[in-house]
Amino acid sequence: MARLTEESKIHNEAAIRAAMERILKGDLPPGGKADLKTLAALAGVTRTGFYPKKNRDGTTRPGAYQHLAEEFERRLNELRDAGEIVDPRIAQIERLKAQNAGLKERIVTRDEQIAQLAEFRTLAISRLAAQHHEIERLRRQVTDIGVVRQLPGARTNHVAPFGSCS
């Protein structure tokens, strides 16, 4: 792999810084996240430059843009600690979590209402059955005794007009 010239390294660093500012402002490309992969893609550089390298003797050396990756992570963490959400997908996830919690509360409330209504229905049916039973008992008592006189019904031929007194 060819070594970077000082000129291309300066150009790449400027592109990385511009991409970093764009991401930290929340201007993410479709499908992108606030991470090093998106930073590299926006800047047009390979991601490997953000990570340390191993020499043949086993020692490590910093990646060409590792200092920028560390700066990006630091600034991103500062924004998160300040309560700013850079990644709109994270904001959407938080909004959906809150909405889900609200819906769960509504379900619990509805379940309680349904239980109360079912209890009321059972009580109402029980009362109606008791009233029906009492009516049936009274009807049997009337027919068994037979001392009930029929009251005259309302006259159908003499109806007073509405609002008049007779």
Donor-acceptor check, side chain of Asn100 to backbone of Leu96, threshold 3.5 angstrom: yes or no? no
Assess whether atom NE2 of His67 is packed by more than 12 heavy atoms of other residues, nucleotides or ligands within 6.0 Å. yes
Rounded to the nearest 0.5 Å, what separation is found between the CG atom of Leu36 and the CZ atom of Arg47? 8.5 Å
Once rounded to the nearest 0.5 Å, what's the spacing between atom OG1 of Thr5 and atom NE2 of His11? 10.5 Å
Other residues, nucleotides, ligands: >12 heavy atoms within 6.0 Å of Glu119 CD: no
Salt bridge between Glu136 and Arg139, side-chain N to carboxylate O under 4.0 Å? yes
Heavy-atom neighbours of Arg74 CZ exceed 12 at 6.0 Å: yes
Here the pair of heavy atoms bringing Ala19 nearest to Ala43 is CB-N, 3.9 Å
Please check if Phe72 and Tyr51 belong to a single hydrophobic cluster, counting links between Ile, Leu, Val, Met, Phe, Trp and Tyr side chain heavy atoms closer than 4.5 Å. yes
Please walk me through it: do Glu71 and Leu68 pass side chain to side chain contact (heavy atoms under 4.5 Å, CB included)? CA-CA 5 Å; Glu71 178 185 341; Leu68 293 174; 3.9 Å; yes
With a 6.0 Å cut-off (strictly less than), is the heavy-atom count around CD of Glu134, excluding the residue itself, greater than 12? yes
Rounded to the nearest 0.5 angstrom, the CG-CD distance for Leu76 and Glu78 is 10.0 Å
Heavy-atom donor-acceptor pair, Ser126 side chain to Thr122 backbone, under 3.5 Å: no
Nearest heavy-atom contact between Leu28 and Lys33 is CD2-O, 3.6 Å
Whether Asp57 side chain and Thr59 backbone form a donor-acceptor pair below 3.5 Å: yes
Taking side chain as C-beta onward, heavy atoms only, is Arg75 less than 4.5 Å from Glu21? yes
Short side-chain donor-acceptor distance under 3.5 Å, Gln116 and Glu112: no
CZ of Arg121 to CG of Leu123, rounded to nearest 0.5 Å, is 12.0 Å
Atom pair NE2 (His132) and CD1 (Ile125), whose distance is rounded to the nearest 0.5 Å: 14.0 Å
I'd like to know if Glu73 pairs up with Arg80 as an ion pair, taking the criterion as any Lys NZ or Arg NE/NH1/NH2 lying under 4.0 Å from an Asp or Glu carboxylate oxygen. no
Other residues, nucleotides, ligands: >12 heavy atoms within 6.0 Å of Lys53 NZ: yes
Is atom CZ of Arg106 surrounded by more than 12 heavy atoms (other residues, nucleotides or ligands) closer than 6.0 Å? no
Pairwise side-chain contact, Phe50 with Glu70, heavy-atom cut-off 4.5 Å (strictly under): no
Look up atom CE in Met20 and atom OG1 in Thr38, then write down how far apart they are to the nearest 0.5 Å. 13.5 Å
